[in-house]
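Step one of this worksheet: look at the structure below.
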2 protein chains.
Amino acid sequence: MPDEGPEMELVHLLRAVAVELGAHSARFAQRNGMHPTDVRALIALMDAARAGEAMTAGRLGTALGLNSAGTTALVDRLERAGHVRRVRDGRDRRRVTVEVDERAVALGRSHFGPLIGRTVELLRGYDERELAAIRGFLTGVREAAGDDGREPHHNDPG
Amino acid sequence: MPDEGPEMELVHLLRAVAVELGAHSARFAQRNGMHPTDVRALIALMDAARAGEAMTAGRLGTALGLNSAGTTALVDRLERAGHVRRVRDGRDRRRVTVEVDERAVALGRSHFGPLIGRTVELLRGYDERELAAIRGFLTGVREAAGDDGREPHHNDPG
DNA sequence: CGGTATTATCTCGCTGAACGAGATACTTGT
DNA sequence: ACAAGTATCTCGTTCAGCGAGATAATACCG
């Protein structure tokens with residue numbers, strides 16, 4: 001288990017980036033009187049909307065690791081603040097789909113837009129091979145962080 | 001504000017990585033009966049230890065965005081679980097330095113070690129120019145995420 | 001040296017996010 | 001139609017974190 005070596009600098013840098021991005025979200029939450037979970041919920045809802053999928057209360061709770069009581073409280077909170085609407089599903093009337101209000105989207109854009117814009121600009125400064133390296137590294141880390149309970153399988157040559 | 005364009009894929013990928021790393025930490029917390037804040041605290045303490053700096057209760061609380069009452073509760077919790085020790089500073093006896101227990105370090109290593117190891121291996125597959133691109137991108141994002149309004153968060157020593 | 005301000009941590013009472021258990025409402029299978 | 005299954009909500013509780021202020025040690029100033 002290497003505690004030093006030239007690669008560790010990048011490992012710590014990556015962790016610092018994750019911390020900064022978390023802090024950036026937390027600032028958005030605090031400025032708008034929200035809890036970090038509320039921001040995560042809005043992001044999950046917007047991701048679903050971008051993918052063209054409807055998000056039910058249950059799926060939202062699962063995505064965030066909340067139980068049903070917590071999910072109800074979360075959606076209540078977001079609805080009370082005007083960030084989302086509850087819409088009963090017409091086909092299965094047990095279901096409640098949660099839709100993001102346009103104003104919440106605009107609010108999110110006004111906060112995250114500058115960071116996204118600067119990131120895009122940063123990316124424009126790299127050529128294809130560099131972009132492939134960045135993409136490959138991020139993809140690898142995402143997979144490594146997701147593979148968790150599993151056995152760490154030995155180096156897969158390739 | 002670009003919602004499409006080839007760079008957006010990487011922006012979403014970066015966000016996904018941040019989410020996965022957060023989930024990875026949350027899993028560590030839950031498996032060990034801790035809260036996300038407790039894990040953040042241990043990481044801050046280990047970072048300080050690595051840098052050779054002593055971490056006082058107050059500095060820890062500031063680093064995590066907690067007020068003094070919350071900081072006391074946090075250190076109580078960590079101490080009760082045996083993860084840290086309170087040590088009165090000899091020079092300034094108002095201060096309490098918080099030291100991580102070796103067993104907590106070992107616990108952290110056993111969880112984060114595999115992810116770190118896989119990340120290091122991943123990095124070994126890149127040449128200098130690719131590594132420079134990855135480093136430059138991460139550094140740029142860290143700075144962009146840190147630079148926003150810079151709102152001073154209200155602390156209790158008013 | 002004495003007194004007052006300042007700093008670091010802790011105590012107390014409270015709010016609210018999230019939990020477990022169970023109720024309610026709707027759907028599906030027989 | 002009735003039982004079983006599924007989605008959400010209600011109720012009561014726990015505990016992280018906050019605000020206010022107490023306590024204890026140090027620094028400043030005459």
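Values below: every heavy atom of this structure, side chains too, minus hydrogens, waters and symmetry copies. Since we're looking at a predicted model, the values are computed, not measured.
Using a 4.0 Å heavy-atom criterion, one finds that A/Arg86 contacts the sugar-phosphate atoms exclusively.
Between the CD atom of A/Gln30 and the P atom of D/dG17 there is a distance of 13 Å, given to the nearest Å. Atom C1' of nucleotide C/dC10 and atom CG of B/Leu78 are separated by 16 Å, given to the nearest angstrom. Across the protein-nucleic acid pair, B/Leu64 atom CG and D/dC18 atom P stand 10 Å apart, rounded to whole Å. When the P atom of D/dT8 is taken as reference, atom CG of A/Asp89 falls 9 Å away, rounded to whole Å. Atom CG in A/Asp76 sits about 7 Å away from atom P in D/dC9, given to the nearest Å. Atom-to-atom, CD of A/Glu79 to P of D/dT8 comes out at 13 Å; the value is rounded to the nearest Å.
Ion pairing between a basic and an acidic side chain is recognised when a charged N comes within 4.0 Å of a carboxylate O; B/Glu9 and A/Arg135 show such pairing.
In the displayed structure, A/Arg86 atom CZ is contacted under 6.0 Å by more than 12 heavy atoms of other residues, nucleotides or ligands. B/Arg40 CZ: more than 12 foreign heavy atoms inside a 6.0 Å radius. Heavy atoms from other residues, nucleotides or ligands lying under 6.0 Å from CD of A/Glu53 number more than 12.
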Report, one pair per line, the protein and nucleotides 26-30 of chain C atoms (nitrogen or oxygen only) whose separation is under 3.5 Å.
from   : atom 1 : to      : atom 2 : distance (Å)
C/dT27 : OP1    : A/Arg91 : O      : 3.4
C/dT27 : OP1    : A/Arg93 : N      : 3.3

Between the protein and nucleotides 15-19 of chain C, list the N/O to N/O atom pairs that are separated by less than 3.5 angstrom.
from   : atom 1 : to      : atom 2 : distance (Å)
C/dA18 : OP1    : A/Thr37 : OG1    : 2.5
C/dA18 : OP2    : A/Arg77 : NH2    : 3.1
C/dC19 : OP2    : A/Asn67 : N      : 3.0
C/dC19 : OP2    : A/Asn67 : OD1    : 3.2

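The same ILVMFWY cluster, assembled from side-chain heavy atoms under 4.5 Å apart, contains both B/Met55 and B/Met34. B/Ile43 and B/Val19 sit in two unconnected hydrophobic clusters of ILVMFWY residues. Membership requires side-chain heavy atoms under 4.5 Å apart, directly or through other members.
Nearest heavy atoms, A/Ala133 versus B/Ile134: O-CD1, 3.9 Å.
Applying the ring-ring contact (aromatic ring centres under 6.0 Å, His included) test to every pair with at least one member in residues 27-70 of chain B, sequence neighbours left out, gives these pairs: B/Phe28-B/His111, B/Phe28-B/Phe112.
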